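In this text, all values refer to a predicted model and were calculated from it rather than measured experimentally. Numbering starts at 1 and runs along the sequence shown.
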Amino acid sequence: MTIHSQLPSDVCTRIERCGVIAVLVIDEIRHAVPLARALMAGGIDVIELTLRTPVALGAMLRICDEVPKMLVGIGTVLTPQQVEEIVRLRAAFAVAPGTNPGVITAAREASLPFMPGVATPSDIERALELGCRDLKFFPAESCGGLTYLKSMAAPYVHLGVRFIPLGGLTQKHLKDYLAEPLVMAVGGSWIGDRRLIQTEAWEKISANAREARDLASAARLSR
């Protein structure tokens with residue numbers, strides 16, 4: 001089995017250095033730039049814009065144009081057709097909730113940095129077979145959290161797999177997850193949740209981002 005990462009080293013470095021990826025649902029494109037600036041002000045410079053609203057890709061373009069220091073990825077990638085569109089718009093990386101061979105293959109063929117979602121050992125083996133070792137653990141807390149992740153990943157650690165847990169995480173989980181070497185970073189929607197974005201609570205989002213980065217930095221020091 002030939003194993004390689006579908007994330008280039010510069011993207012991995014940015015994600016690991018940030019430690020926390022803000023997972024975002026944007027309903028109005030006018031919120032894209034102030035949201036990105038609020039996150040940057042709090043120290044988070046990596047985001048995942050989910051394809052759950054029609055404006056997600058437009059929001060990505062706005063952010064890339066006006067907040068160029070933000071690393072922008074696209075999440076909830078479910079079809080090869082979405083991969084084609086994401087590649088055309090030059091997203092920095094893409095993420096899926098599951099391990100769909102057709103989507104992974106399309107991303108690999110298009111040289112799109114891509115993280116499939118895994119929740120079982122079979123998912124991990126499928127991802128490895130398709131050339132992925134940087135994986136999204138989803139839904140993390142519903143599946144059993146860090147204890148489950150460590151047990152599930154144990155047979156594959158020697159292959160260099162690493163995980164980004166998402167799903168049900170809040171700031172209270174950061175210390176334990178980020179102290180674990182298996183974890184590259186964590187993803188969370190609490191930093192800029194849909195309600196905060198809709199009400200334009202930019203100062204609160206900056207404060208959440210700052211708290212998350214401080215917790216991430218402290219957790220990394222404890223490794």
Side-chain angles (χ1 to χ4, degrees), residues 5-77 81-96 106-115 134 136 162 164 166 174 178 184-194 196-217 220:
S5 174
Q6 283 197 214
L7 290 186
S9 60
D10 59 332
V11 173
C12 283
T13 298
R14 285 283 300 276
I15 291 174
E16 190 160 19
R17 185 174 63 216
C18 188
V20 184
I21 302 172
V23 180
L24 308 169
V25 180
I26 297 180
D27 293 287
E28 298 183 58
I29 201 166
R30 65 187 177 88
H31 289 152
V33 170
L35 171 60
R37 288 176 175 158
L39 291 165
M40 290 286 292
I44 288 184
D45 63 357
V46 182
I47 61 176
E48 175 194 326
L49 296 177
T50 63
L51 290 179
R52 299 182 189 182
T53 67
V55 306
L57 295 179
M60 183 195 80
L61 292 176
R62 289 277 183 92
I63 294 169
C64 290
D65 285 345
E66 300 188 42
V67 193
K69 291 185 178 180
M70 181 67 77
L71 186 72
V72 185
I74 295 295
T76 320
V77 180
Q81 291 73 28
Q82 288 176 323
V83 169
E84 293 176 8
E85 182 72 0
I86 292 164
V87 170
R88 185 179 67 81
L89 297 177
R90 300 181 181 180
F93 63 92
V95 183
R108 184 176 64 239
E109 291 176 349
S111 298
L112 174 66
F114 188 79
M115 286 179 286
D134 298 316
K136 169 181 174 177
R162 293 195 301 171
I164 298 181
L166 291 92
L174 293 188
L178 289 175
M184 183 194 313
V186 301
S189 60
W190 86 90
I191 299 164
D193 69 31
R194 204 167 187 171
L196 291 175
I197 296 170
Q198 290 171 343
T199 58
E200 302 183 1
W202 310 132
E203 290 186 5
K204 175 60 175 173
I205 290 172
S206 290
N208 288 348
R210 193 171 298 111
E211 180 184 19
R213 278 303 307 271
D214 288 347
L215 290 168
S217 297
R220 289 285 166 75

- Are Val46 and Phe93 side-chain neighbours, meaning at least one heavy-atom pair lies under 4.5 Å? yes
- Task: Using the side-chain hydrogen bond (donor to acceptor under 3.5 Å, both in side chains) rule, collect all pairs that involve residues 36-48, keeping only residues at least two apart or in two chains.
- Result: none
- Item | Where Arg213 and Gly42 come nearest, the two heavy atoms and their spacing | CG-O, 3.9 Å
- CD of Glu203: more than 12 outside heavy atoms within 6.0 angstrom? no
What side-chain donor-acceptor pairs closer than 3.5 Å can you find for residues 54-65, not counting sequence neighbours?
none

- So do the side chains of Ile74 and Val95 get within less than 4.5 Å of each other, counting heavy atoms only? no
- For Met70 against Met40, the heavy-atom pair lying closest together: CE-CG, 3.5 Å
- Task: State which residues pass side-chain contact (heavy atoms from CB on, under 4.5 Å) with Ala41; sequence neighbours excluded, sorted by chain then number.
- Result: Ser206
- Side chains of Val72 and Leu49: does their closest heavy-atom pair fall under 4.5 Å? yes
- For residues 18-28, pull every pair meeting side-chain hydrogen bond (donor to acceptor under 3.5 Å, both in side chains), keeping only residues two or more places apart or in separate chains. Asp27-Arg194, Asp27-Gln198, Glu28-Arg30
- Query: What residues, two or more places apart in sequence or in another chain, satisfy side-chain contact (heavy atoms from CB on, under 4.5 Å) together with Ala216?
  - Reply: Val20, Leu178
- Query: Partners of Glu211 by salt bridge (charged side-chain N to carboxylate O under 4.0 Å, His left out), sequence neighbours excluded?
  - Reply: none
- Message: Do Ile205 and Ile197 make a side-chain contact, defined as non-hydrogen atoms from C-beta onward lying under 4.5 Å apart?
- Response: yes
- Task: Check whether any side-chain heavy atom of Glu200 lies under 4.5 Å from a side-chain heavy atom of Trp202, and answer yes or no.
- Result: yes
- Query: Is there a side-chain contact between Asp134 and Ile164, using heavy atoms and a 4.5 Å cut-off?
  - Reply: no
- Message: Would Val77 and Ile86 count as a side-chain contact (heavy atoms from CB on, under 4.5 Å) here? Give the steps.
- Response: CA-CA 9 Å; Val77 180; Ile86 292 164; 3.5 Å; yes
- Between Thr199 and Leu196, which heavy-atom pair has the shortest distance, and what is it? OG1-O, 3.3 Å
- Message: So does Thr76 get a backbone contact from the side chain of Thr50, meaning a donor-acceptor N/O pair under 3.5 Å?
- Response: no
- Query: Nearest heavy-atom pair of Leu39 and Ala209: which atoms, and what distance?
  - Reply: O-CB, 4.0 Å
- Would you say Cys18 and Ile44 make side-chain contact, with heavy atoms under 4.5 Å? yes
- Note on the structure: Nearest heavy-atom contact between Ile191 and Ala212 is CD1-CB, 4.2 Å
